[in-house]
Amino acid sequence: MTRPVVTRFAPSPTGFLHIGGGRTALFNWLYARRFGGKMLLRIEDTDRERSTEPAIKAILDGLSWLGITWDGEVVYQFARAARHREVAEKLLAEGKAYHCYATPQELEEMREKARAEGRPMRYDGRWRDRDPSEAPAGVKPVIRLKAPLDGETVVNDHVQGRVVWQNKDLDDLVLLRSDGNPTYMLAVVVDDHDMDVTHVIRGDDHLTNAARQTQIYQACGWEVPEMAHIPLIHGPDGAKLSKRHGALGVDAYRALGYLPVALRNYLVRLGWSHGDQEFFTTEEMIAAFDLDSIGRSPARFDFAKLEHLNGHYMRSSSDSDLVDAIETILPEVGPPRGGPATLDAGMRAKFMAAMPGLKERAKTLIELLDSAYYLYASRPLTLEPKAEALLAEGGRVRVADLLPALEALAEWSTEAVEAAVRRFAEDRTLKLGQVAQPLRAALTGRATSPGLFDVMAVLGRDECIARLRDQAARVGA
RNA sequence: GCUCCCAUCGUCUAGCGGUCUAGGACGUCGCCCUCUCACGGCGAAAACAGGGGUUCGAGUCCCCUUGGGAGCGCCA
């Protein structure tokens, strides 16, 4: 009776996978998983002009990076053009569609006139009931759906509720172009039907299409799938997402240092909620996801919240997973920031050792990489202004003063180093911070860093002493 | 212009007629912790767009206004 759930993600390969598409894919994926169904992937490449191979690759890579998988082979819509044509011809034969010979110029005039008269811009049906014998010679016709003239078309949407259109407001859409290729409207309906799609979950920019597609389903005598039109994601300023704020490809989020698990969690809460729960494991998301809890109003993209989630997931990631994640983006993000493009065994070991302190204070992998500067920096260190200030204000003198005690240390461990520094501070009746800050500046080139003694232990005795001597040597200079 | 959708703190949202002097999260601002920065803990400021109804009772239902958004192709 009830068919197994089949959802689909159907991007057109005219660009990268943007954040809204990523969320749509996520929702489809979650819904299918929730009900033990399948999520299919269909590339809507019927626009031969704008569809590109790199875009297809970007979409597939984007989904994979996000951790979204699809079932079965990828369906390429253009390859199914013959079947779409067949359906259009069938509709034509059944009298549910007709040839229209109106030229582009005529259609343009129609729109102009309608606009001028304040009427809705729609095809006037001039070829709807004309006899085929009136067809002008040499003009290739399109096939239009003979849509109902009166009554109403209803879409019972899981998100938007019951949405009604008066059929008089809907015109006879083109099913088959004059060149014999199907339009998107026809192709979607035929493919969703043939692929046994039970639930269409997509952006609400398709809501009006849903009405027209419903008419095609009805003309074909097919069951209309369940629909869920989810609100679009807006930029931080409330306007439509543009390249300047959120409409980046998901690959951009990877380069920005976000973790897929964090992006997924952020995205799932954009438009969907489950009581007050903010954090979801993948399993929890799947178990809790449902269409009826999706909100109807558009959401704005907020990087601050994404960062918070990302920080949360970084802190709870294992050190090795984090180092792996850094290594994968390093070739792309390392060199431009003065960092390495790869980690050799020694450097990897240092990252591993420093990771507990590093991941605790970074919100993105980029921040983490930046705060790990002291690990891969070569002497003499470049001091950021705040670090320079710490050393200039008596800091170098203090470093020089402390140096002998450190050089005399028999054992170089977090504990031993800390004890030595604390003893030094006590002897001079200084607060620990008065000693620690100049030390930090000399050792890391920064005014902030992970715990100082951990830093010293990871860096090792020789490197620490050398960096401190670099600064001590500049006393009075 | 026409059709359709939407409207709770700055942002994401909870709320499905009475338990709302409206809850959580991010962000913001204090305080605590503290070698810095984060984390963490405690606390604060911060919202039902406006106006009409319906009802004993409305953030919750209806209408209007205003404000957002989407669509209106032989693009998808």
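Source: prediction; values computed, not measured. Worth knowing before you read on, the calculation uses all heavy atoms, side chains too, and leaves out hydrogens, waters and symmetry mates. We name chains A, B, ... by the order of the sequence lines, and we start the count at 1 in each one.
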Proximity to the side chain of [X] - top-ranked nucleotide from [options]:
X      : options             : value
A:H308 : B:G27, B:C37, B:G68 : B:G27
A:D205 : B:C39, B:A70, B:C4  : B:A70
A:L232 : B:A70, B:C74, B:C35 : B:A70

Please state whether the phosphate of [N], meaning OP1 or OP2, lies under 4.0 angstrom from any side-chain nitrogen or oxygen of [X].
X      : N     : result
A:R446 : B:C37 : no
A:T46  : B:A76 : yes
A:K359 : B:A38 : no

G-U wobble or Watson-Crick pairing nucleotide for [N] (cut-off 3.5 Å, both distances):
N     : value
B:C16 : none
B:C61 : B:G53
B:A45 : none
B:A25 : B:U11
B:G1  : B:C72
B:A38 : none

Can you name the one residue among A:R212, A:K146, A:R144 that meets salt bridge (charged side-chain N to carboxylate O under 4.0 Å, His left out) with A:D171? A:R212

Are the side chain of [X] and the backbone N or O of [Y] linked by a donor-acceptor pair below 3.5 Å?
X      : Y      : answer
A:Q277 : A:F279 : yes
A:Y266 : A:D302 : yes
A:R85  : A:G180 : yes

Looking for any heavy atom pair under 4.0 Å, which part of the strands does [X] touch: base, sugar-phosphate only, or nothing?
X      : value
A:V142 : base
A:R48  : nothing
A:V164 : sugar-phosphate
A:E360 : base
A:K431 : nothing
A:N209 : base
A:S12  : sugar-phosphate
A:P450 : base
A:F279 : nothing
A:A210 : nothing

Interatomic distance where [atom1] belongs to [X] and [atom2] belongs to [N] [whole Å]:
X      : N     : atom1 : atom2 : result
A:Y313 : B:C39 : OH    : P     : 17 Å
A:D204 : B:C4  : CG    : C1'   : 10 Å
A:L173 : B:A76 : CG    : C1'   : 14 Å
A:W165 : B:C2  : CH2   : C1'   : 15 Å
A:L368 : B:C37 : CG    : P     : 19 Å
A:L390 : B:C35 : CG    : P     : 16 Å
A:R440 : B:U34 : CZ    : C1'   : 11 Å
A:E418 : B:U36 : CD    : C1'   : 14 Å

[Y] ring center within less than 6.0 Å of [X] ring center:
X      : Y      : answer
A:H234 : A:F301 : no
A:H193 : A:Y217 : no
A:W272 : A:F27  : no

Pairwise N/O distances under 3.5 Å, protein to nucleotides 10-15 of chain B:
unit_1 : atom_1 : unit_2 : atom_2 : d
B:C12  : OP1    : A:R300 : N      : 2.9
B:C12  : O2'    : A:R269 : O      : 2.8
B:C12  : O2     : A:K305 : NZ     : 3.3
B:U13  : OP1    : A:G271 : N      : 2.4
B:U13  : O3'    : A:S273 : OG     : 3.1
B:A14  : OP1    : A:S273 : OG     : 2.6

Would you say the side chain of A:T208 and the base of B:C4 hold a donor-acceptor pair, judged only by whether the two atoms sit under 3.5 Å apart? no

Contact nearer the 5' end of RNA chain B, comparing A:V174 with A:L452: A:L452

Starting at the 5' end of RNA chain B, which residue's closest nucleotide do you reach first, A:P141 or A:A304?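 By nearest-heavy-atom nucleotide position, the 5'-most residue is A:A304.
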
Could you tell me how far [M] sits from [N] if I compare only their [atom1] atoms? Round to whole Å.
N     : M     : atom1 : answer
B:G27 : B:U11 : P     : 16 Å
B:C63 : B:A44 : P     : 40 Å
B:G23 : B:C48 : P     : 13 Å
B:A7  : B:U60 : P     : 11 Å
B:C32 : B:G24 : P     : 24 Å
B:U34 : B:G59 : P     : 47 Å
B:G51 : B:A46 : C1'   : 25 Å
B:G53 : B:U13 : P     : 33 Å

When you look at CZ of A:R162, are more than 12 heavy atoms from neighbouring residues, nucleotides or ligands closer to it than 6.0 Å? no

How about A:D150: does its CG atom have over 12 heavy atoms from other parts shown lying under 6.0 Å from it? no

Would you check, one step at a time, whether the test salt bridge (Lys or Arg N to Asp or Glu O under 4.0 Å) holds for A:D191 with A:R8? CA-CA 10 Å; A:D191 289 348; A:R8 73 352 180 234; over 6 Å; no

Step by step, work out the side chain to side chain contact (heavy atoms under 4.5 Å, CB included) result for A:D204 and A:V159. CA-CA 9 Å; A:D204 73 6; A:V159 173; over 6 Å; no

